[in-house]
Amino acid sequence: MSNETLICEPGMWLPILGEINEDGELQWPRGVLMILYLFGMLWSFAGVGIVADCFMAGIETVTAATHTIKTPGGGSAEVKVWNETVANLTLMALGSSAPEIMLSVIGIMGTDYYAEELGPSTIVGSAAFNLLMIIAYCIVGIPPADGENETGMRRVSDMGVFTVTGFFSIFAYVWLLIILMVVTPNKVGIEEGVLTFLYFPLVVGLAYGADRNWFKGDKINPNQHILSVAGHEFRAYEASALLKQAGKGASGDMDAEETAAFLTRMAMAQNKPSRAQLRINAMRQLTGGKRVVPKNVGKASDYVSKLPTLDELHETPEVNFASGEYSVLESGGMIAVSVVRLPAKGPFTVKYSTEGVTATAGEDFEAVAGTLEFKDGEEEKEIQIKIKDDDEVEDDETFMVKIAEPSVGIIGPFASTTVTIIDDDEPGEIGIKEKNVSVTVLEKEEKAHVMISRINGSAGPISCDYKTTAGTAAEGTDYKPATGTLTFEAGQISKKVDVTIIDTGAYEKNATFTVELTNFKGPETRSKGFADHKTTATVTIVHDAAAKEMVDNVTKMMNMNMEQYNVGSASWGGQFSEALEIGCEDGETPSTGDYVMHYITVPWKLVFAIIPPTTYGGGWVCFFSALVMVGVTTIIIGDIAALFGCVYGLDKATTAITFVALGTSLPDTFASKSAAVGDDTADAAIGNVTGSNAVNVFLGLGLPWMIAAFKWVGSGPDNAWYAKYGIPVFTDGMDVRMGVDVTAADDASKITWIAGTDVQKCELCAKEVPIGEAAFIMPAGTLGLSVATFCTCALVCFAILVYRRGACGAELGGPPGPAKVHAIILVGLWFTYIVVSILGNKGVIG
């Protein structure tokens with residue numbers, strides 16, 4: 001083809017050197033133009049990826065905002081402002097898909113609100129690439145099981161959110177077919193535009209509800225993600241004892257090393273890279289920038305074998321009483337208190353003694369003193385103390401047991417323990433001790449235990465009723481309501497009220513309910529009922545994340561120092577310095593590829609370093625500034641993509657579903673792979689795809705189509721609109737462009753039509769609109785075929801995922817044979833989509 005026949009439609013800004021005049025760049029040799037526009041488009045993809053990462057950095061800062069709340073126990077908790085699901089489907093999805101969305105929005109506005117092909121086709125093409133190619137890549141990208149920490153598979157855990165986003169990721173495109181080919185063919189009315197846009201908040205709301213489990217009556221609804229809990233610092237041995245008792249992921253007799261490994265996994269889970277970090281890191285790997293995620297971060301459990309054991313963390317030996325408080329009946333005769341030391345290595349001694357408080361040595365208990373001797377490997381010893389009984393009626397009395405002078409190491413926070421002697425000559429009262437009025441329970445525990453005490457006596461039976469009352473926790477959703485009667489038989493001094501906790505395994509949780517005592521029953525003349533004791537306990541249900549502070553002393557040496565991987569920057573100077581810095585993986589020197597990509601993209605990095613740092617305005621200033629820059633870069637991509645297609649002989653739709661869709665989706669490919677490998681579930685990897693695909697349509701097409709529909713209905717047709725979509729000619733030979741009064745014109749049967757100039761095969765679409773009115777014309781044409789093909793492939797993809805969940809045990813990974821087969825099928829579906837769409841664009845089929 002000679003250059004004289006090369007007539008390309010100009011874009012908003014390009015070609016920069018003129019169009020078809022003698023000095024214009026389109027007069028250059030076609031081979032030169034092919035190379036120029038190919039590299040120009042690739043360079044533009046790098047640019048929009050870099051600025052989109054600045055956008056994501058602002059979003060990461062915004063969605064990471066926290067505030068502090070007061071906990072029922074009197075402490076404080078730092079909680080996230082943004083719900084993770086809402087953040088992922090709104091700001092995160094906007095950041096991830098910003099180039100595709102902005103390409104569609106600017107494409108409509110840049111063509112004076114006429115339909116254009118590049119934006120919609122890019123959105124559909126990106127959806128196909130995301131769903132088919134990225135998931136195929138993730139299926140085969142999971143490392144094989146190693147028999148230790150790596151399971152070799154990733155399974156969707158939050159099926160509620162997955163169901164919502166998965167459904168809408170297909171419905172969104174079916175909806176396009178409905179409005180373009182069924183309801184109002186080739187037109188988008190105001191109602192359709194508004195409804196398409198409103199599906200966006202609908203899917204966010206439904207996903208939020210699924211995340212909160214509004215649709216499941218027997219599951220809990222997470223409220224807040226607890227980041228840290230202040231007020232009490234637990235020691236490593238306490239965390240170990242609690243986890244042994246709770247049986248959280250291990251048997252009740254697991255040793256210290258197994259406990260340390262489990263706590264390590266808990267702590268590492270707090271440092272999982274966010275969606276923004278993974279995408280930014282993927283783009284920086286491609287452009288030789290500073291990394292924001294450590295190399296081979298993998299799953300948290302991958303680090304366990306490399307981290308210190310519990311014993312190794314206790315470089316200084318420590319000894320404590322196992323509990324800070326004990327109680328015994330006056331008639332019990334003997335009390336045994338336990339002393340625990342860590343690590344249990346080598347011989348060890350510590351002295352002990354008793355000291356009266358309100359109890360008197362010799363009268364109420366027998367004073368003891370001596371030395372405990374631990375052998376190598378021995379972790380626990382008991383101190384036996386004799387209790388003396390009398391017939392006097394008296395209040396409960398206490399004495400202390402203390403430890404001192406360890407042979408090595410230090411004494412921990414429980415250097416003493418208090419023993420309460422319960423009088424058994426009076427019936428006593430019922431109440432809740434101060435230490436038991438606030439109970440915190442992990443949502444994964446089956447029961448919440450509220451201790452009810454019998455105080456100042458234990459003679460004869462007494463009883464009371466109890467009931468639960470909802471607070472921020474809902475009955476039947478967060479916990480199962482409990483009512484009943486507690487009866488203390490003679491000699492009994494404590495009872496438990498057990499309340500069943502409902503667990504969903506969701507990520508966030510902080511909800512409360514109360515247990516209240518009523519209707520005391522006992523001897524009328526001798527018992528004081530509840531007296532002045534507490535009769536209400538508050539139970540707080542939290543997720544395991546609330547254990548962070550509890551295990552902090554165990555895990556702080558295991559947590560990675562993430563400061564060097566911060567996404568944002570605190571100053572412009574830091575941003576320009578980072579823009580000039582060549583990045584590489586941890587512990588490595590920059591490769592040749594890093595140098596090459598850095599120098600190729602450094603102009604973009606310097607331009608986008610002018611975006612305000614993320615520290616300004618809580619990230620919002622960066623957010624909006626970067627959004628403007630994304631729009632500017634997207635204009636360049638739209639122009640250069642059109643010119644690229646022109647010089648290569650490709651129509652805009654074909655260019656969009658292939659080169660543009662692939663270029664804008666490439667960073668998400670590596671980000672999803674990193675999420676799949678680095679997480680224990682498939683939620684992030686698959687959820688990012690399904691959520692983005694739905695949001696792309698509802699926001700990327702719903703918004704511009706709604707604006708265009710309002711514009712044309714409000715302004716009515718003009719000569720350019722008729723010239724594009726068909727010119728009505730009346731019996732006298734006059735047409736609307738000649739100022740004919742359309743209200744007095746002949747009836748439609750006497751009107752002839754002159755075809756318009758629309759290149760999307762909608763040159764007579766004006767016939768479907770009443771004379772004198774206008775509408776936003778969106779030709780279904782090849783877009784309809786592309787969407788229909790994608791929907792078919794998407795259904796097959798989801799069928800494969802459902803099959804894999806049942807047959808292979810997980811959506812991603814699993815046995816390598818089936819994984820490769822399923823990945824090949826998905827890749828084949830993508831190629832099928834591309835071939836069918838291209839043939840449709842060329843008019844061969846459809």
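Residue Ile139 comes nearest to Ala819 through the heavy atom pair CG2-O, 3.5 Å, listed as atom of the first residue, atom of the second, then distance. Summarising the geometry of Thr655 relative to Gly645, their closest heavy-atom pair is OG1-CA, 3.4 Å, with the distance given to 0.1 Å. Shortest non-hydrogen contact noted between Ile108 and Ala115 is CD1-CA, 4.3 Å. Residues Ala641 and Leu118 approach most closely at CB-CD2, 4.1 Å, considering heavy atoms. Between Thr654 and Ile838, the shortest heavy-atom distance links the atoms CG2-CG1, 3.7 Å. Across Val124 and Ser786, no two heavy atoms sit closer than the pair CG1-OG, 3.7 Å.
Note that the OH atom of Tyr722 and the CH2 atom of Trp753 stand 6.5 Å from one another [nearest 0.5 Å]. The OG atom of Ser97 lies 3.5 Å from the CG atom of Asn696; values are rounded to the nearest 0.5 Å. Between atom OG of residue Ser121 and atom CD of residue Glu116 there is a gap of 8.0 Å, rounded to the nearest 0.5 Å. Here Ile657 contributes atom CD1 and Lys652 contributes atom NZ; the two are 15.5 Å apart, rounded to the nearest 0.5 Å. Between the CZ atom of Phe197 and the CG atom of Leu699 there is a distance of 6.0 Å, given to the nearest 0.5 Å. Rounding to the nearest 0.5 Å places CD1 of Ile777 at 9.0 Å from OG1 of Thr184.
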Checklist line | side chain to side chain donor-acceptor pair (under 3.5 Å) assessment of Thr165 paired with Thr690 | finding: CA-CA 5 Å; Thr165 58; Thr690 56; 3.0 Å; yes
Margin query: Would Leu36 and Trp28 count as a side-chain contact (heavy atoms from CB on, under 4.5 Å) here? Give the steps.
Written below: CA-CA 10 Å; Leu36 174 67; Trp28 297 356; 3.9 Å; yes
Notebook entry, point to check: When you look at Trp604 and Phe608, which way does the ring pair (Phe, Tyr, Trp, His ring centres under 6.0 Å) test go after all the steps?
Noted result: CA-CA 6 Å; Trp604 286 120; Phe608 299 137; 5.5 Å; yes
Item checked: Check against side-chain contact (heavy atoms from CB on, under 4.5 Å), Glu763 and Thr757 -> CA-CA 6 Å; Glu763 58 273 13; Thr757 59; over 6 Å; no
Margin query: Go through it in stages, so that I can follow the logic: the residues are Tyr114 and Asp758, the test is side-chain contact (heavy atoms from CB on, under 4.5 Å), and I'd like the CA-CA distance, side-chain angles, deciding distance and then a yes or no.
Written below: CA-CA 10 Å; Tyr114 289 104; Asp758 182 57; over 6 Å; no
Check: When you look at Ser126 and Thr664, which way does the side-chain contact (heavy atoms from CB on, under 4.5 Å) test go after all the steps?
Finding: CA-CA 8 Å; Ser126 293; Thr664 55; 3.5 Å; yes
Item checked: side chain to side chain donor-acceptor pair (under 3.5 Å) assessment of Asn688 paired with Ser672 -> CA-CA 7 Å; Asn688 290 350; Ser672 292; 4.6 Å; no
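A donor-acceptor contact shorter than 3.5 Å links the side chain of Glu192 to the backbone of Gly189. A donor-acceptor pair under 3.5 Å links the side-chain atoms of Asp639 to the main chain of Trp13, judged by distance alone. For the pair Thr634 (side chain) and Val630 (backbone), a donor-acceptor distance under 3.5 Å is present.
Among His598, Gln575, Glu581, the one residue that satisfies the side-chain hydrogen bond (donor to acceptor under 3.5 Å, both in side chains) test with Lys605 is His598. With Thr122 as the partner, the side chain to side chain contact (heavy atoms under 4.5 Å, CB included) test is satisfied by one option alone out of Ile637, Val660, Ile101: Val660.
Within the 4.5 Å cutoff, no side-chain heavy atoms of Ile190 are placed close to those of Met706. Leu643 places none of its side-chain heavy atoms less than 4.5 Å from the side chain of Met41. Taking 4.5 Å as the limit, some side-chain heavy atom of Leu783 sits within range of a side-chain heavy atom of Leu180. Side-chain contact between Tyr173 and Asn693: present, with at least one pair of heavy atoms (C-beta onward) separated by less than 4.5 Å. Put simply, the side chain of Leu785 does not reach to within 4.5 Å of the side chain of Ser837, judged on heavy atoms. Annotation: side chain of Asn186 is not in contact with side chain of Met778 (no heavy-atom distance under 4.5 Å). Within the 4.5 Å cutoff, no side-chain heavy atoms of Phe55 are placed close to those of Val51. Side-chain contact between Glu100 and Ser665 is present, with heavy atoms from C-beta onward closer than 4.5 Å.
Ring-plane geometry between Tyr833 and Phe790 is classed as perpendicular, the angle between the planes exceeding 60 degrees on a 0 to 90 degree scale with a lower cut at 30. Note: Phe698 and Phe171 have tilted aromatic rings, judged against thresholds of 30 and 60 degrees for the angle between ring planes.
When the shell of 6.0 Å around CZ of Phe659 is examined, it contains 12 or fewer heavy atoms from other residues, nucleotides or ligands.
In summary, the aromatic rings of Trp721 and Tyr725 are positioned with their centroids under 6.0 Å apart. A distance below 6.0 Å separates the ring centres of Tyr199 and Trp175.
Annotation: cation-pi geometry not satisfied between Lys187 and Phe776 (NZ/CZ under 6.0 angstrom from ring centroid, within 45° of ring axis).
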If you look only at distance, which donor and acceptor atoms sit under 3.5 Å apart when one is on a side chain in residues 820-832 and the other is two or more places apart or in another chain?
from, atom 1, to, atom 2, distance (Å)
His822, ND1, Arg804, NH1, 2.9
His822, ND1, Pro818, O, 3.0
Thr832, OG1, Gly828, O, 2.8

